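Proteins come first, then strands; the chains are lettered A, B, ... in the order of their sequence lines, and each starts at number 1. Predicted model only: the values in this text are computed from it and were never measured.
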Amino acid sequence: AQSVTQLGSHVSVSEGALVLLRCNYSSSVPPYLFWYVQYPNQGLQLLLKYTSAATLVKGINGFEAEFKKSETSFHLTKPSAHMSDAAEYFCAVRGRGFKTIFGAGTRLFVKA
Amino acid sequence: EADIYQTPRYLVIGTGKKITLECSQTMGHDKMYWYQQDPGMELHLIHYSYGVNSTEKGDLSSESTVSRIRTEHFPLTLESARPSHTSQYLCASSDLGQGQDYEQYFGPGTRLTVT
């Protein structure tokens with residue numbers, strides 16, 4: 001069965017600092033992996049996705065994630081945080097059939 | 001503009017009332033989903049549909065029902081609302097065409113409060 005674990009329900013960084021949001025997955029088949037972002041009072045929006053091409057995936061708003069099969073990880077990073085990055089971030093893995101399994105989310109706070 | 005819409009955005013209703021949460025998408029997607037979202041928790045899939053006249057229950061037990069009479073429309077109904085139904089409900093859709101990677105497109109959500 002597929003599963004996703006996001007380490008840290010809350011992450012706080014200063015504006016301009018590195019953002020690192022951690023995600024580990026479990027999958028019995030080669031996975032499709034996703035990061036979504038949710039801003040207050042909105043639905044989820046796709047940030048980036050891994051689909052077995054390049055292991056380093058670039059997304060919108062300067063975010064990127066690296067697929068590491070040996071570590072079963074798909075951590076999300078951004079070199080320099082901006083106040084507008086404050087949101088909740090969800091890691092997800094496509095499971096069996098057409099179901100997508102979502103993590104519990106990590107809320108990112110950005111301090112001025 | 002292709003998009004996915006949910007109405008109402010916010011709803012406060014008394015116990016025992018029947019409610020229908022609306023979801024429509026203009027992207028022509030075959031697959032549609034309903035998720036329940038609570039703070040600090042994973043999104044829980046409560047219903048999904050492969051296409052017209054096809055609906056399935058998700059992983060989370062739910063007292064709601066859905067229908068899919070038209071490709072673009074996927075309403076969710078609660079026959080008798082209870083306080084335990086208080087939550088955020090997210091509708092999503094995805095395309096099953098060749099080359100698609102199963103990313104989902106989400107509506108803005110309906111925040112339901114049952115008093």
Side-chain angles (χ1 to χ4, degrees), chain A residues 1-11 23-27 29-54 57 59-60 65 67 74 87-108, chain B residues 2-11 21 23-25 27 29-51 54-60 88-112:
Chain A
Q2 282 75 12
S3 67
V4 173
T5 302
Q6 290 185 241
L7 301 176
S9 59
H10 298 85
V11 170
C23 173
N24 288 90
Y25 70 91
S26 170
S27 178
V29 298
Y32 287 143
L33 294 161
F34 307 85
W35 276 100
Y36 288 85
V37 60
Q38 185 178 33
Y39 298 102
N41 301 315
Q42 294 186 27
L44 278 67
Q45 175 186 357
L46 183 71
L47 264 182
L48 50 80
K49 61 185 178 185
Y50 167 76
T51 58
S52 74
V57 181
I60 62 172
F67 171 69
F74 191 55
E88 187 146 24
Y89 293 80
F90 292 89
C91 183
V93 60
R94 183 172 74 81
R96 291 194 179 277
F98 300 110
K99 298 180 185 177
T100 297
I101 310 301
F102 290 85
T106 297
R107 186 165 294 279
L108 176 65
Chain B
D3 210 337
I4 181 164
Y5 306 93
Q6 288 185 246
T7 57
R9 292 293 313 276
Y10 303 91
L11 180 62
L21 308 184
C23 176
S24 294
Q25 50 97 2
M27 295 175 280
H29 287 168
D30 293 312
K31 200 85 189 310
M32 295 189 74
Y33 317 75
W34 276 104
Y35 291 91
Q36 188 171 332
Q37 182 184 27
D38 295 303
M41 305 287 287
E42 300 88 349
L43 273 68
H44 289 292
L45 181 67
I46 50 176
H47 295 282
Y48 60 100
S49 167
Y50 293 107
S54 159
T55 62
E56 301 284 345
K57 286 188 178 294
D59 300 320
L60 182 67
Q88 165 118 307
Y89 293 84
L90 294 174
C91 181
S93 69
S94 65
D95 196 347
L96 296 181
Q98 188 173 10
Q100 294 299 317
D101 301 316
Y102 304 98
E103 65 187 83
Q104 296 183 20
Y105 297 81
F106 283 81
T110 294
R111 186 166 296 280
L112 172 66

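Between B:Tyr35 and A:Thr100, the shortest heavy-atom contact is OH-O, 4.2 Å. The minimum heavy-atom distance linking A:Ala104 with B:Gly40 is given by the pair CB-O, 3.7 Å.
In this structure, chain A has a heavy atom under 4.5 Å from the side chain of B:Gln88, while its backbone stays farther away. Contacts of A:Gln45 with chain B are absent, with no heavy-atom separation under 4.5 Å from either backbone or side chain. Interface residue B:Arg9: only side-chain heavy atoms are found under 4.5 Å from chain A. Residue contact with chain B, scored on non-hydrogen atoms closer than 4.5 Å, involves the side chain of A:Tyr36 exclusively. Heavy atoms of B:Leu90 lying under 4.5 Å from chain A belong exclusively to its side chain.
Atom CD in A:Gln6 sits 9.0 Å away from atom CD in B:Glu42 (nearest 0.5 Å). Separating the CG atom in A:Leu46 from the OH atom in B:Tyr105 is a distance of 7.5 Å, to the nearest 0.5 Å. Taking CG from A:Leu47 and CD from B:Glu103, the interatomic distance works out to 11.5 Å, rounded to the nearest 0.5 Å.
The side-chain heavy atoms of B:Gln37 and A:Phe90, taken from C-beta on, include a pair separated by under 4.5 Å.
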